[in-house]
Peer 1: 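Structure below; questions to follow.
Just so you know, these numbers come straight off a predicted model, no measurement behind them.
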Amino acid sequence: WVIVTPTWTYSSANPIIFGARPGADPLWTDTANMVAQGRALNLSVGIFPQPRFPASAADFWRNAPRDPTWWQIWFDNYRAFAVHYADLASQTGAQALILGGDWIGPALPNGTLFDGNQSGVPSDAETRWLAILNEVRAHFRGQILWAMPYTAPNLVTPTFITQTDGVYLLISGNLSGNLIPSKPEM
């Protein structure tokens, strides 16, 4: 497998300005060429679109107003992002589309900010996510995976994950506390 990670940029949190920035984010043809190169090598290709932030994801969420209007615009923008890449995955013959990620926790049902405070995500977030997944599935027939961080011991799994084909687990951190770990530790 090869996982391609094209980006769109959040230029602003208020108002939300989110899209591909030429010169900063790969455009449609750039990503299509990456997928074609992987497929030409007989690799299975997954597309895992990522947002880029002016500073950090934590700052983006912290500085956003997160009122009902803002959330509606945010979900509309994420839907456009997901459908854009679903269409690209479909047209390029990618085998998987990976949505979600370690930055998206505040937008999940009962979402929290990186500091642990409630994000104010709408109470119908589950319904909104299901609608996005259903629309993505209408545009792309391959595997749809949900990327989520593994943060021991509190792995939070949204219930809408049952509408995906699997999980793309994001594990970051040290595998061992030792500078030179043994094979059994690894």
Side-chain angles (χ1 to χ4, degrees), residues 3-20 25 28 31-32 35 45-53 57-58 60-114 117-151 155-170:
I3 307 299
V4 177
T5 57
T7 57
W8 276 14
T9 298
Y10 277 107
S11 300
S12 171
N14 188 21
I16 293 177
I17 300 173
F18 184 49
D25 302 310
W28 181 283
T31 305
V35 173
V45 179
I47 299 175
F48 184 13
Q50 298 289 302
R52 291 177 61 248
F53 299 95
F60 170 82
W61 291 111
R62 182 177 38 255
N63 296 328
R66 300 186 321 274
D67 59 29
T69 301
W70 186 90
W71 278 112
Q72 180 62 48
I73 294 167
W74 186 89
F75 274 103
D76 289 346
N77 275 268
Y78 190 85
R79 185 205 62 75
F81 175 67
V83 168
H84 171 87
Y85 284 107
D87 287 340
L88 191 143
S90 183
Q91 289 183 21
T92 60
Q95 283 78 20
L97 176 65
I98 306 166
L99 300 176
D102 58 0
W103 66 278
I104 207 162
L108 298 178
N110 301 310
T112 58
L113 300 174
F114 291 86
N117 289 320
Q118 293 294 309
S119 66
V121 68
S123 60
D124 67 345
E126 178 83 16
T127 302
R128 292 176 191 225
W129 281 112
L130 288 170
I132 289 169
L133 289 172
N134 286 333
E135 188 168 355
V136 164
R137 199 164 293 284
H139 287 253
F140 177 62
R141 301 287 184 225
Q143 292 183 31
I144 297 173
L145 305 176
W146 185 258
M148 54 192 288
Y150 174 76
T151 309
L155 181 62
V156 178
T157 306
T159 56
F160 63 78
I161 204 169
T162 60
Q163 298 304 307
T164 68
D165 298 308
V167 172
Y168 186 76
L169 197 58
L170 304 170

Peer 1: Could you label the plane-to-plane angle of the Trp74 and Trp61 rings as parallel, tilted or perpendicular, counting under 30° as parallel and over 60° as perpendicular?
Peer 2: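 Plane angle between 30° and 60°, so tilted.
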Peer 1: Which value, rounded to the nearest 0.5 Å, describes the distance between His84 atom NE2 and His139 atom NE2?
Peer 2: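 Between His84 NE2 and His139 NE2, I get 12.5 Å after rounding to 0.5 Å.
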Peer 1: For the CD1 atom of Ile132 and the CG atom of Asp76, what is their distance to the nearest 0.5 Å?
Peer 2: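 Going from CD1 on Ile132 over to CG on Asp76, the span is 8.5 Å.
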Peer 1: Mind listing the closest non-hydrogen atom pair of Ser119 and Trp71 along with its distance?
Peer 2: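 Scanning both residues completely, I find the closest heavy atoms to be O-CZ2, 3.7 Å.
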Peer 1: Quick one, Leu99 and Thr164 - any side-chain contact, counting heavy atoms below 4.5 Å?
Peer 2: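 No - every pair of side-chain heavy atoms lies 4.5 Å or more apart.
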Peer 1: Verify the ring-centre separation between Trp28 and Trp8: is it less than 6.0 angstrom?
Peer 2: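 No, too far apart.
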Peer 1: Output the distance between atom CG (Asn110) and atom CD (Gln118), rounded to the nearest 0.5 Å.
Peer 2: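 That separation rounds to 6.5 Å.
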Peer 1: Quick one: does Trp146's side chain have a donor or acceptor within less than 3.5 Å of a partner on Val167's backbone?
Peer 2: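 Answer holds: no.
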Peer 1: Would you name the heavy atoms of Val136 and Ala82 that are closest together and state the gap between them?
Peer 2: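 So the two residues come closest at CG2-CB, 3.6 Å.
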Peer 1: Are Tyr78 and Trp129 an aromatic pair, judged by ring center distance below 6.0 Å?
Peer 2: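 Yes; Tyr78 has its ring centre under 6.0 Å from that of Trp129.
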Peer 1: What pair of heavy atoms forms the shortest contact from Ser90 to Phe140, and how long is it?
Peer 2: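 Looking at all heavy atoms of both residues, the shortest contact is N-CD1, 3.6 Å.
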Peer 1: Look at the side chain of Arg137 and the backbone N and O of Gln163, then say whether any donor-acceptor pair between them is shorter than 3.5 Å.
Peer 2: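 A pair under 3.5 Å: yes.
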Peer 1: With Phe18, which of Phe53, Tyr10, Phe75 fulfils ring-ring contact (aromatic ring centres under 6.0 Å, His included)?
Peer 2: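 Of all the options given, the one that passes is Tyr10.
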Peer 1: Would you please indicate if the ring centroids of Trp103 and Phe60 are separated by under 6.0 Å?
Peer 2: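 No.
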Peer 1: Could you tell me whether a side-chain N or O of Asp165 sits under 3.5 Å from a main-chain N or O of Ile144, the two making a donor and an acceptor?
Peer 2: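 Yes: the side chain of Asp165 pairs with the backbone of Ile144.
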Peer 1: Taking all atoms of both residues into account, what is the closest heavy-atom pair of Ile47 and Ala89, and its distance?
Peer 2: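 Taking every non-hydrogen atom into account, CD1-CA, 3.7 Å.
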Peer 1: How many angstroms lie between atom CD1 of Ile104 and atom CE of Met148, to the nearest 0.5 angstrom?
Peer 2: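 Ile104 atom CD1 to Met148 atom CE measures 12.0 Å (nearest 0.5 Å).
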Peer 1: For Val45 and Gln95, which heavy atoms make the closest approach, and how far apart are they?
Peer 2: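 Distance-wise, the nearest heavy atoms are N-OE1, 2.6 Å.
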Peer 1: Please report the closest heavy-atom contact between Leu170 and Asp102, naming both atoms and the distance.
Peer 2: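 Smallest heavy-atom distance, with atoms named: CD1-N, 3.6 Å.
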Peer 1: Rounded to the nearest 0.5 Å, what separation is found between the OH atom of Tyr85 and the CD atom of Gln50?
Peer 2: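 Answer for the OH-CD pair, Tyr85 versus Gln50, is 10.0 Å.
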Peer 1: Look up atom CD1 in Ile16 and atom OG1 in Thr69, then write down how far apart they are to the nearest 0.5 Å.
Peer 2: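 That separation rounds to 10.5 Å.
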